[in-house]
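Single-structure report; data block below.
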There are 2 protein chains.
Amino acid sequence: MLNDPMVLAPVADAIRVEPEKRIRDRSATEKAILKAAKSLLAEEGFQNFGINAVARRAGCDKQLIYRYYGGLNGLVEAIGADLGNWVKDRIPEDTGGMFLLTYGDLMERLSLLFLEALRDDPLVRRIVAWEVSENTEQVRRLSEARSKALANWLDRMRGSLTPPKGVDVVAVNAILIAAIQHLVLSASAGGQCAGLALKTSKDWEKAATALKRIVRGVYG
Amino acid sequence: MLNDPMVLAPVADAIRVEPEKRIRDRSATEKAILKAAKSLLAEEGFQNFGINAVARRAGCDKQLIYRYYGGLNGLVEAIGADLGNWVKDRIPEDTGGMFLLTYGDLMERLSLLFLEALRDDPLVRRIVAWEVSENTEQVRRLSEARSKALANWLDRMRGSLTPPKGVDVVAVNAILIAAIQHLVLSASAGGQCAGLALKTSKDWEKAATALKRIVRGVYG
DNA sequence: CAATCAAGTCACCAAACGGTGACGCGCCCT
DNA sequence: AGGGCGCGTCACCGTTTGGTGACTTGATTG
């Protein structure tokens, strides 16, 4: 008596009072899908990132994702395309009125800028977490795009400043970037990192001070 | 002759050529499950870490996981129990014949030890990646256990050495640990980190040198 | 008006997932 | 001998997943 189809039929009619007709606008739908994908990835993480979930959030049929983006892969690629502009969108190019006289000045400033930019971009945070958790082709593309953009940024900001002789700038900077990324990820996930609380702004001040000290220690 | 009224009996007999009878040994099965879980997590990562996969690898029925460990949560907890001994199992307590005169000596040595230990422990690597990717209760327990063990280790190794005044040791060390962890994770996932290749042992020598320089820069 | 083609929807598929109840079997104990 | 009791297995449930074919609907053509 529960699952009686005769009873359900009128109910189904009663439900679709207003079908909320979807407009027939491909480019708008494409944008909606991309936006849904980005917000989903940013809020839920890569764990529950799938065709069904994206379609659900975009409010459209998943078939459209296959049609317009060729599946999840294409969608991820589309996300990665924006990633190249990340640094230039989120990080100010000017030096904030400061005069950067030495390479140490520069790296101190860039470190803090990078830290802050990463702190308030949940999408890129998730992507970084994704990069260190999986090794699929998708992720590798994302990683490459981000890595390249980052390197360009570093190089562009360097300007005419010359790093100190005798130190492996690439390696040292990689370690600094690694530290910042892991610090932010760790904080975002559990509110702390290796016993250092990272919740209040006071916590972050301590972290920033320590980071500055490290940068100054190696670059003078 | 037996109480088998089924007509399919001969078919079943034909299929199960050798039943490969599982021995009735609870503790052995428990160990097999735990081992399977650890190896699965280490090799495949937390993505495909589920009841079915563990049971499949352990070669037993998933029901036994529920019975013996109370589900995946209990199993993860059992994994976490071993984690407390990780540092003491994987990292030598002695100083390798070195005389550590200053806090800088100590931290340089500990950094490299931690780096190497993490580099050849895929399980803990996966757990660290898990920690920065999810925020469930499971992961939080793992994270806490590891974090506590790490802090204890640092404190124990410090001995009577006194860190330099005026620097926030906790914060600086957290950043150093973060850097090492992310470096290893990144290398393990994609073979590089922020443009720094991390595949050959020569690559790692460069990374180690840079790390030493950073530690020395901040701790003298 | 009629034909066409893209936009959007629906129904269905096989597979895998976590989870549970029930059953068979063998060992031990009285 | 017989009655538990613990170990292992199996079948099944509902749900979700990625993926595909077939359909309706609407607008713009000739």
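A note on names: the letters A, B, ... follow the listed sequences, proteins ahead of strands, and every chain is numbered from 1.
Phosphate contact (OP1/OP2 of C:dA7, side-chain N/O of A:T29, threshold under 4.0 Å): absent.
Side-chain proximity of B:D61 to C:dA7, D:dG8, D:dC10: nearest is D:dC10. Looking at the side chain of A:R67, the nearest of the listed nucleotides D:dT17, D:dA22, C:dG18 is D:dA22.
C:dA7 atom P lies 19 Å from atom OH of A:Y66, rounded to whole Å. Here C:dC5 presents its C1' atom at 13 Å from CZ of A:R26, a figure rounded to the nearest Å. Between the CG atom of B:L72 and the P atom of C:dC17 there is a distance of 11 Å, given to the nearest Å. Atom-to-atom, CG of B:N52 to P of C:dT20 comes out at 13 Å; the value is rounded to the nearest Å. Distance, A:R56 CZ to D:dT16 P: 8 Å, rounded to whole Å. Atom CD of B:Q47 is separated from atom P of D:dT17 by 15 Å (rounded to the nearest Å). Distance B:I65 CD1 to C:dC17 P: 12 Å, rounded to the nearest Å. Nucleotide C:dC10 holds its C1' atom 10 Å from the CD atom of A:Q63, rounded to whole Å.
Between the side chain of B:R24 and the base of C:dC25, a donor-acceptor pair under 3.5 Å is found.
Within 6.0 Å of CD on B:E144 lie no more than 12 heavy atoms contributed by other residues, nucleotides or ligands.
Ion pairing between B:E131 and B:R146 holds under the 4.0 Å rule for side-chain N and carboxylate O.
A cation-pi arrangement is present between B:R119 and B:W204, with the terminal nitrogen or guanidinium carbon under 6.0 Å from the aromatic centre and inside a 45° cone about the axis.
The residue B:L64 sits close to a base: some heavy atom pair falls under 4.0 Å.
Judged by distance alone, the side chain of A:D25 and the main-chain N or O of A:A28 form a donor-acceptor pair under 3.5 Å. Looking only at distances, no side-chain donor or acceptor of A:Y66 sits under 3.5 Å from a matching main-chain atom of A:I51.
Take the nearest nucleotide of DNA chain D for A:K62 and for B:K62: the residue whose nucleotide is more 5' is B:K62.
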